Amino acid sequence: MGALIEAVRAHPGVRGKAAIGLVREVFGDSDWRAGPGDDGAVVMHEGTALVVGGEAILPAFVAADPYGAGVAAVTTNLNDLAAMGAWPLALVDTVTGPPTVVRPVLEGMRWAAGLYDVPVVGGHLTGTAGPPSLSAFGLGRAGRPLSACAAAPGQSLVVAACLDGKMRADFPFFPSFDERGNRLAGDVRLLAEGASAGWVAAAKDVSMAGLVGSLAMLLECNQLGAALDLDAVPVPAGVTLREWLLCFPCFAFLLCVPAGVEGECLSAFAGRGLAAAVAGTLDDTGEVRLHAGGRSGVAFDLSRESVTGLAVPAATRPAPA
């Protein structure tokens, strides 16, 4: 267990999140849901909750696989909107680089946008001989926005994922595009349905920080804890637990589910052929604890540390004057 926890904490996707703390230093604290904090920011407009967010794709990935980077730009934004309980409305992008890179980037975005049934409505393009870059931004509408602020002790932790696919050999990404096809369009809208129905209170997509790192990011807003039962986590066939915990899946979410409606949540995912299981319960310890095969250990202590730097742990706050 110690080696697994060390791998989780040393994961580049986790370490890289610390840079986000600069946003709080410059813009100050927020209410988390309005930003910075959640996967998207909620903007209220004439009684409608709009969710906006954005993702920058790793430049090395854009240069090595521009088509795949275009696909990833769509997927990451739609997963973020889903984690906020939003129905996706549109995407825009900014892309720079030579035509040999820019064209496949746009082709990848066009293909993925069609797969998810979300239009790319505009953006910005600059032709340059320099290193390429790609960012994309999503807009959604939420009937009842989800937020990490709504996570609370006593809620069940549900891990839901698409297990159809195969790990990339060159990058810790688990794609399900060929296996799920256009069913992904309904998959990313499922959390918005759950938010409206009340069987999910807060959620986070599993992204570059991996499953455990993403869980810590979900819980750090309220400095909550959870005992994650790794034996209960759905894992794809042919993928080790370690690989699964450290990868970026095409579709995987952590859900905070109110007590008593877990069955409704699990049934919703099962109805779409997706895996879901209760893998823990939220508490007020601040500790993200991992359990497997009779062994256990603390991966993060959110009362003393913050993955993103956006939350100020109680143990590090200055004493009142």
Side-chain angles (χ1 to χ4, degrees), residues 13-58 72-94 118 121-124 133-152 188 191-192 194-196 200-209 213-224 248 253-256 302 305-314 316-317:
V14 171
R15 289 184 174 273
K17 296 298 182 182
I20 301 174
L22 177 62
V23 178
R24 182 177 62 82
E25 293 178 17
V26 174
F27 287 95
D29 293 331
S30 77
D31 66 358
W32 203 268
R33 193 177 81 164
D38 269 320
D39 284 307
V42 177
V43 179
M44 297 302 300
H45 178 68
E46 297 181 351
T48 299
L50 299 175
V51 179
V52 294
E55 290 282 349
I57 306 303
L58 191 68
V74 173
T75 298
T76 53
N77 273 283
L78 297 184
N79 283 350
D80 281 350
L81 292 177
M84 296 297 296
W87 280 274
L89 297 176
L91 297 164
V92 297
D93 64 84
T94 62
V118 181
V121 297
H124 172 85
S133 66
L134 170 63
S135 295
F137 311 88
L139 172 67
R141 173 184 57 81
R144 176 179 167 269
L146 300 177
S147 172
C149 298
V188 296
L191 273 75
S196 296
V200 56
K204 189 163 192 65
D205 66 309
V206 178
S207 59
M208 286 295 295
S214 297
L215 175 59
M217 293 170 65
L218 172 62
L219 300 180
E220 70 178 351
C221 172
N222 293 333
Q223 292 171 26
L224 300 177
F248 181 177
F253 289 86
L254 300 159
L255 294 85
C256 302
L302 301 176
E305 60 184 325
S306 170
V307 175
T308 64
L310 293 176
V312 181
T316 63
R317 294 173 189 164

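These numbers were taken from a predicted model, which means no experiment stands behind them. All values below were derived from every heavy atom in this structure, side-chain atoms included, with hydrogens, water molecules and symmetry-related copies excluded. Numbers here simply count residues along the sequence, with the first being 1.
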#### Entry: Atom of G213, atom of V14 and distance for their closest heavy-atom approach
CA-CG2, 4.0 Å

## Note on the structure
CG (L302) and CD (Q223) are apart, to the nearest 0.5 Å, by 7.5 Å

### Query
Which heavy-atom pair separates A41 from A34 by the least distance, and what is that distance?
CB-O, 3.3 Å

### Task
State, yes or no, whether a side-chain contact exists between L254 and S214 at a heavy-atom distance under 4.5 Å.
yes

### Message
Would you compute the distance between atom CE of M208 and atom CD of E55 and round it to the nearest 0.5 angstrom?
### Response
10.0 Å

## Note on the structure
Minimal heavy-atom distance between V51 and G40, with the atoms involved, is CG1-CA, 4.2 Å

### Distance, nearest 0.5 Å, that separates SG of C256 from CG of L215
8.0 Å

#### Entry: OG1 on T308 to CG on L22, rounded to 0.5 Å
12.0 Å

Side-chain donor-acceptor contacts of residues 143-151 below 3.5 Å, not counting sequence neighbours, with atom names and distances?
residue	atom	partner	partner atom	Å
R144	NH1	A195	O	2.9
R144	NH1	V200	O	3.1
S147	OG	D38	OD2	2.7
S147	OG	C149	N	3.1

Name every donor-acceptor pair, under 3.5 Å, that has one atom in a side chain of residues 72-84 and the other anywhere in the protein, sequence neighbours excluded.
residue	atom	partner	partner atom	Å
T75	OG1	V71	O	3.2
T75	OG1	Y116	OH	3.3
T76	OG1	A72	O	2.8
T76	OG1	A73	O	3.3
N77	OD1	G138	N	3.2
N77	ND2	A73	O	2.9
N77	ND2	A136	O	3.1
N79	ND2	C250	O	3.0

### Query
What closest approach, in Å, do G85 and A142 show between heavy atoms, and which atom pair accounts for it?
O-CB, 3.6 Å

## Note on the structure
Taken in chain and number order and not counting sequence neighbours, the residues that satisfy side chain to side chain contact (heavy atoms under 4.5 Å, CB included) with V121 are A90, V92, P119

### Message
For H124, give me all partners under side chain to side chain contact (heavy atoms under 4.5 Å, CB included), at least two apart in sequence or on another chain.
### Response
T94, T126

### salt bridge (Lys or Arg N to Asp or Glu O under 4.0 Å) partners for D39, two or more places apart
K204

### Summary
Nearest heavy-atom approach of A152 to L224 is N-CD1, 3.7 Å

### Message
To check you understand the geometry: which heavy-atom pair defines the closest contact between W32 and A311, and what is its length?
### Response
CZ3-N, 4.0 Å

### Message
I need the D93 CG to S135 OG distance, nearest 0.5 Å.
### Response
9.0 Å

### Message
Going by the rule salt bridge (Lys or Arg N to Asp or Glu O under 4.0 Å), which residues pair with R141 if we only count those two or more places apart in sequence or in a different chain?
### Response
none

### Task
State the CH2-CG distance between W87 and L191, to the nearest 0.5 angstrom.
10.5 Å

